[in-house]
Amino acid sequence: LTVARLEAGKNLAAAIEAVAALRREGLDVTYDIVGDGSLRDDLAKKVRHLRLEGVVRLLGFRADWSDLAVRSDVYLQPSTREGACMAVLEAISYGVPVVGAPAGGLVDYSAEGHCVWLSDGFGSADLAAALRTVLSEPETRASLSGSGASYLDREYSPSAVRSRYRLAARAVGLRGD
């Protein structure tokens, strides 16, 4: 599962190619992509070219994707550039193990919370290798899922956000109450 704008920086073509590689290896994987954007037609052509109809589904925009998340074995964020990815944080909150390319906030989530499994790079082979590891190792999936809840509580709970707000306010000379 991926939730993203269908744009170049999201690296979805490489993700689709990674799924094709895993299928060629005999892994029974499917891939849902939630979102819309200028690359929708190109991605649909890639799905047809790789004969992945019914395996890779371009689902369009959905305001609520929680039902997909809770049924997913892995959430994939293949972006080549990313900030604090809200979709990744949502996936973590649903207890879904996250595999991501080494971009932006995903690197932080991996280092600080150990709740994202990073690929070695941005190519389809890198993404396939990371997905293969997480999909084939139940203990890795369980570890990623388990560490996610404590990471979110530690970093994004109301008390954690208030504390950081107070520190930032004091740093610029405000009271921070």
Side-chain angles (χ1 to χ4, degrees), residues 1-22 29-44 46-47 56-66 68-70 72-135 140-141 143-157 160-161 164-165 168:
L1 172 66
T2 295
V3 177
R5 290 174 291 107
L6 308 187
E7 304 297 340
K10 297 302 181 178
N11 202 25
L12 295 167
I16 292 169
E17 291 166 6
V19 169
L22 294 173
V29 296
T30 59
Y31 184 38
D32 288 337
I33 301 172
V34 174
D36 217 342
S38 65
L39 295 181
R40 182 180 183 78
D41 290 341
D42 292 341
L43 294 171
K46 179 167 281 299
V47 168
V56 174
R57 300 185 313 162
L58 301 173
L59 300 177
F61 174 79
R62 290 179 63 161
D64 182 10
W65 50 275
S66 61
L68 295 170
V70 298
S72 296
D73 292 324
V74 171
Y75 180 90
L76 174 63
Q77 192 66 39
S79 303
T80 57
R81 57 185 183 273
E82 195 64 67
C85 183
M86 294 306 297
V88 165
L89 294 174
E90 283 186 63
I92 291 169
S93 77
Y94 297 131
V96 181
V98 175
V99 171
L106 278 73
V107 175
D108 297 334
Y109 305 150
S110 173
E112 295 172 13
H114 308 289
C115 51
V116 174
W117 188 274
L118 291 180
S119 63
D120 289 336
F122 301 98
S124 60
D126 297 316
L127 296 171
L131 285 166
R132 185 183 310 105
T133 297
V134 173
L135 289 169
T140 300
R141 282 196 314 277
S143 173
L144 290 169
S145 294
S147 62
S150 60
Y151 174 75
L152 290 178
D153 187 53
R154 185 176 67 248
E155 296 297 321
Y156 295 99
S157 68
V161 172
R164 281 198 300 281
Y165 171 77

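Contact of the Leu12 side chain with the Leu6 side chain is registered, since non-hydrogen atoms from C-beta on lie closer than 4.5 Å. Contact of the Leu22 side chain with the Leu131 side chain is registered, since non-hydrogen atoms from C-beta on lie closer than 4.5 Å.
The structure places CG of Asp36 at 12.0 Å from CZ of Arg5, a figure rounded to the nearest 0.5 Å. Between the OG1 atom in Thr2 and the CD1 atom in Ile33 there is a gap of 6.0 Å [rounded to 0.5 Å]. Atom CD1 of residue Ile16 and atom CG of residue Asp42 lie 10.0 Å apart, to the nearest 0.5 angstrom.
The two residues Leu144 and Cys115 make their nearest non-hydrogen contact at CD2-C, 3.7 Å. Looking at every heavy atom in both residues, Ala101 comes nearest to Leu127 through CB-CD2, 4.3 Å.
Screening Val107, Val99, Val98 against Val116 for a side chain to side chain contact (heavy atoms under 4.5 Å, CB included) leaves a single residue, Val98. For the side chain to side chain contact (heavy atoms under 4.5 Å, CB included) criterion with Arg57, the lone passing option out of Leu1, Leu68, Thr30 is Leu68.
A search for side chain to side chain contact (heavy atoms under 4.5 Å, CB included) contacts involving Ser66 returns Asp64, Tyr94, not counting sequence neighbours.
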> Would Cys85 and Leu106 count as a side-chain contact (heavy atoms from CB on, under 4.5 Å) if you check the C-alpha gap in whole Å, the side-chain angles of each, and the deciding distance to 0.1 Å?
Replying inline: CA-CA 7 Å; Cys85 183; Leu106 278 73; 4.1 Å; yes
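Between the Ser93 side chain and the Glu90 main chain, a donor and an acceptor come within less than 3.5 Å of each other. For the pair Arg141 (side chain) and Pro97 (backbone), a donor-acceptor distance under 3.5 Å is absent.
For residues 115-125, no residue pair satisfies the side chain to side chain donor-acceptor pair (under 3.5 Å) rule, not counting sequence neighbours.
Within 6.0 Å of atom CZ in Arg40, more than 12 heavy atoms from other residues, nucleotides or ligands are found, so the atom counts as buried in its surroundings.
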Solution key, residues 77-84 side-chain donor-acceptor pairs under 3.5 Å, sequence neighbours excluded:
| residue | atom | partner | partner atom | Å |
| --- | --- | --- | --- | --- |
| Gln77 | OE1 | Tyr75 | OH | 2.8 |
| Gln77 | NE2 | Ser79 | OG | 3.0 |
| Gln77 | NE2 | Glu82 | OE1 | 3.2 |
| Ser79 | OG | Glu82 | OE1 | 2.7 |
| Thr80 | OG1 | Gly9 | O | 3.2 |
| Glu82 | OE1 | Lys10 | NZ | 3.0 |
| Glu82 | OE2 | Lys10 | NZ | 3.4 |

